[in-house]
Structures are given as C-alpha cells and as structure tokens.
Amino acid sequence: MYVCLCKGITQQQIQQAVENGDSYAQIRQKMGVGTDCGCCGQSAKQMIREHSNKMPVCEFAEAS
C-alpha cells in the first residue's frame with residue numbers, strides 16, 4: 001500500500017526503515033515522506049508507532 005503518493009513511498013518501505021532503527025524525522029529526511037503535500041505525515045507517524053510497538057524489545061536496551 002502506498003503511504004506517500006507524492007514520493008511513491010510504500011508501507012513496506014516505512015516498516016523496513018523502522019526495523020532499521022529510523023525515527024519519523026529520519027524517514028522524512030531520507031524518503032521525503034510528508035514533505036510535499038503533507039497529507040501522509042499523520043498516517044506515516046501512526047504506522048511507525050504501530051510497527052514499533054510490534055517489534056521485540058532489545059534486551060540490551062532494557063539493561064541501560
């Protein structure tokens with residue numbers, strides 16, 4: 001599914017970026033999500049939150 005029609009960014013691309021540790025700001029900078037018409041910004045943020053919550057917690061993050 002396309003999230004950003006202006007830049008042609010898909011849900012899968014955003015999910016992959018989240019899995020690689022990118023924040024919304026990094027995804028916006030690298031992919032341009034939310035930088036043209038801005039319609040996809042809130043959808044992308046929600047998608048990032050939902051996907052981040054599904055990812056397993058890193059055991060090293062809990063130790064710090």
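Here the structure is a predicted model, which means the values were calculated and not measured. Counting begins at 1 with the first residue of the sequence.
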Scan side-chain atoms only and decide if Gln46 and Glu50 contain a donor-acceptor pair under the 3.5 Å cut-off.
yes
Locate the shortest heavy-atom distance separating Gly8 from Gln13; write the atom from each residue and the value.
O-OE1, 3.5 Å
Heavy-atom closest contact (Val33 atom, Cys40 atom, distance)
CG1-SG, 3.7 Å
Of the non-hydrogen atoms in Gln26 and Gly21, which two are nearest, and what is the gap between them?
OE1-O, 3.6 Å
Candidate pair Val3 and Met47, rule side-chain contact (heavy atoms from CB on, under 4.5 Å), full reasoning:
CA-CA 9 Å; Val3 176; Met47 192 175 301; 3.3 Å; yes
For the pair Arg28 (side chain) and Gly34 (backbone), establish whether a donor and an acceptor sit closer than 3.5 Å, ignoring hydrogens and angles.
yes
To check you understand the geometry: which heavy-atom pair defines the closest contact between Cys6 and Asp36, and what is its length?
CB-OD2, 3.5 Å
Taking atom NZ of Lys7 and atom SG of Cys37, what is their separation to the nearest 0.5 Å?
10.5 Å
Drop me the distance from Ser23's OG to Gln29's CD, to the nearest 0.5 angstrom.
9.0 Å
Would you compute the distance between atom CG of Leu5 and atom OG1 of Thr10 and round it to the nearest 0.5 angstrom?
11.5 Å
Pair Glu19, Gln15 - check side-chain hydrogen bond (donor to acceptor under 3.5 Å, both in side chains), show working.
CA-CA 6 Å; Glu19 289 171 10; Gln15 289 174 347; over 6 Å; no
Under 3.5 Å, is there a donor-acceptor pair between the side chain of Asp22 and the main chain of Val18?
no
Specify the closest pair of heavy atoms between Ile48 and Tyr24, including all atoms of both residues, with the distance to one decimal.
CD1-CD1, 3.8 Å
